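Keep in mind it's a predicted model, so treat the numbers as computed, not measured.
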Amino acid sequence: MIDIKFLRENPDVVRASQKGRGEDAAIVDLVLKSDEARRLALNEFEVLRAEQNSLSKLVAAASNQERNGLLENSKTLASKVKEADIKRGELEELTKSQAMQLSNILDPAAPIGKEEDFVVIEHVGTPRTFDFEAKDHIELGKLLGAIDTERGTKVAGSRSYYLTGAGAMLEFALVNYAIASALKVGFTPVIPPVLVNPAAMEGTGFLGQAAENVYHLEKDDVYLVGTSEVPLAAFHMDEVLPVEKLPIRYAGYSSCFRREAGTYGKDTRGIIRVHQFDKVEMFSFCHPDQAKEEHKRLLQWEKDFLNAMEIPYRVIDVASGELGSSANRKFDIEAWMPTQNAYREVTSTSNCTDFQARRLNIRYKDAEGTKTVATLNGTLVAIPRMIVAILENHQNADGSVNIPKALQSFLGKDRFELV
RNA sequence: GGAGGGCUCGCAUAGUGGCCGAGUGCACCGGUCUUGAAAACCGGCAAACGAAAGUUUCGUGGGUUCAAAUCCCACGCCCUCCGCCA
């Protein structure tokens, strides 16, 4: 949720931001109108309530004869107060529900446009030229005994898979390497709950447009998270953080669950797009003035990871129309996938400024008062896609796969052999 | 699944309808004293909104009442015991 005071003072900025995203700018005027009415109703209520409170004190102090007269007034006043209170409540709800529809205000530097209007910031590494026909990760996964999608679908349906043998070991190595690097730069490792309550889901903004991609367990009214961003962000829900502790950084390792509704026919083969996968996610609570720098740092740590995996990639500045509603800017890293002859998203980092924290009521306190923190998130490693990138980029003619140096000590070898 | 107890300002607790936004102890902050510290003593000390007056907040939501931390209902969470499972 954006700052309603900011909206009052800069409606044009918010309108422009909504337009830039391809979203409805008319909401701005609805909010302005209902907020105005809300403030009037609030004032009306407060004045009546003040009167009631002071009258109430008189009643308490009055003698028995005086009391009856006072009670007459009190009763009529009480019904007025109740009426004013209901009106205030309705207008507050209306204003909030309208304001919640507004997305975060775009960073002016974010490229405007639709999905394809991203800006490439840089290319790192050169896609390899093969002197044999490169196999895709599905074939390699079979040869190495690393990925079993057939049994995955038998047991759990489409977009399901088993990681076995080398595949399972590769996950452990990737996670260990990721956590070790995160520790080096000051992250606190976290294993969060993946089953969360509505408040956590709502607060992180996943029950809006993204709701259809979330698994909901109706009987218990809990949700399976699509990313550990949810429990990490909600970790400090309703808390005031000491300013000197900022930035507070967590590296969460968890399973992630996604319904992938509306992606029929997209990436149906292999493990690029699946219902369940494990991920190490970086999350930072920081001072709003520091958010841009922190965003760059998260991106750098993502690049460091890709560099260590020795995989060619490019960094893109995601276009406004493709940003999540919480993000004011987003950088994706896309790894080169040889058999697709394309760069495909493997990590993503978003600056949510104070948008998410306002919903979750997470603040910091300094000499001037209590203000909303900024939150940022970034993928350190999403396992299946990283496995795809490693297998495909580091394969040999016989189907064996060379292990990046950074992972060798975790695996005790330098190559995955055929089984 | 069954029975009971609890949820109050950082912590512990007092508070059974008006004098309670709320007492006490500890912690914390400032001061006096001290060579310095401790102790003692004095003062301060919950939060949000608001320009202010003021309003709101005693787990959450609803209700009763002129008036609710206090009475009623529902829900959430914590604890104890029993059962069940490990």
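- When the C1' atom is compared between B:rC85 and B:rA46, the two are found 44 Å apart, to the nearest whole Å.
- Within the 4.5 Å cutoff, side-chain heavy atoms of A:I105 are placed close to those of A:V14.
- Distance A:M237 CE to B:rG76 P: 16 Å, rounded to the nearest Å.
- The nearest whole Å value for the distance from the CD1 atom in A:I4 to the P atom in B:rC49 is 14 Å.
- Salt bridge A:D85/A:K82: absent, no basic N to carboxylate O contact under 4.0 Å.
- Distance A:L241 CG to B:rG10 P: 15 Å, rounded to the nearest Å.
- Seen from the ring of A:Y162, A:R151 does not count as a face-on cation partner, given the 6.0 Å and 45° thresholds.
- Nucleotides B:rU80 and B:rA27 place their C1' atoms 30 Å apart, quoted to the nearest Å.
- Distance noted for atom C1' between B:rG31 and B:rC77: 43 Å (whole Å).
- Note on A:R363: only backbone sugar-phosphate atoms sit closer than 4.0 angstrom, heavy atoms only; bases stay farther off.
- Separating the C1' atom of B:rG1 from that of B:rA12 is a span of 35 Å, rounded to the nearest Å.
- Taking atom CG of A:D3 as the reference point, atom P of B:rC49 lies 10 Å away to the nearest angstrom.
- For B:rU24, the paired base is B:rA12 (Watson-Crick or G-U wobble, both distances below 3.5 Å).
- Within the 4.5 Å cutoff, side-chain heavy atoms of A:V175 are placed close to those of A:V280.
- The gap from the C1' atom of B:rA39 to that of B:rC26 amounts to 16 Å, rounded to the nearest Å.
- Taking the six-membered ring for Trp and the full ring otherwise, A:F331 and A:H295 have centroids separated by under 6.0 Å.
- B:rC66 sits 24 Å from B:rA74 when the P atoms are compared, rounded to a whole Å.
- When Watson-Crick and G-U wobble pairs are counted only if both distances are under 3.5 Å, B:rC49 pairs with B:rG54.
- Under the Watson-Crick or G-U wobble criterion, with both distances below 3.5 Å, B:rC71 is paired with B:rG63.
- Within 4.0 Å (heavy atoms only), A:T76 reaches no atom of the nucleic acid at all.
- The residues A:E9 and A:K5 are annotated as not salt-bridged, no charged nitrogen and carboxylate oxygen being separated by less than 4.0 angstrom.
- Residue A:K80 is classed as having no contact, given no heavy-atom separation below 4.0 Å to the nucleic acid.
- When the nearest nucleotides of RNA chain B are assigned to A:S74 and A:T370 by heavy-atom distance, the more 5′-ward of the two goes with A:T370.
- Both distances falling under 3.5 Å, in either a Watson-Crick or a G-U wobble arrangement, occur for no nucleotide opposite B:rA39.
- A:R273 approaches A:D267 most closely through the heavy-atom pair NE-OD2, 3.1 Å.
- In terms of phosphate contacts, A:Q52 brings no side-chain nitrogen or oxygen within less than 4.0 Å of OP1 or OP2 of B:rC66.
- Atom pair A:R358:CZ and B:rC49:P shows a separation of 11 Å (rounding to whole Å applied).
- Taking the centre of each ring, A:F285 and A:H236 come in below the 6.0 Å mark.
- Contact between the side-chain N/O atoms of A:K82 and the OP1/OP2 oxygens of B:rU64 is found at a separation under 4.0 Å.
- Of all heavy-atom pairs between A:L391 and A:H137, the closest is CD1-O, 4.1 Å.
- When Watson-Crick and G-U wobble pairs are counted only if both distances are under 3.5 Å, B:rC19 pairs with no nucleotide at all.
- Protein atom NZ of A:K57 is 10 Å distant from nucleotide atom P of B:rC20, rounded to whole Å.
- The separation of B:rC58 from B:rU16, taken at their C1' atoms, amounts to 15 Å, rounded to a whole angstrom.
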Close N/O contacts between protein and nucleotides 52-56 of chain B (under 3.5 Å):
{"residue": "B:rU55", "atom": "OP1", "partner": "A:N53", "partner atom": "ND2", "Å": "2.9"}
{"residue": "B:rU56", "atom": "OP1", "partner": "A:R49", "partner atom": "NE", "Å": "2.4"}

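- Distance, A:R88 CZ to B:rG50 C1': 14 Å, rounded to whole Å.
- Taking the C1' atom of each, B:rA48 and B:rC41 are spaced 35 Å apart, rounded to whole Å.
- When both distances must be under 3.5 Å, the Watson-Crick or G-U wobble mate of B:rG76 is B:rC7.
- Picking from B:rG50, B:rU64, B:rA67 the nucleotide with the shortest atom distance to the side chain of A:K5 gives B:rG50.
- Nearest-nucleotide mapping onto RNA chain B: of A:R38 and A:K75, the residue sitting toward the 5' end is A:R38.
- Rounded to an integer number of Å, the gap from A:D35 CG to B:rG50 C1' is 13 Å.
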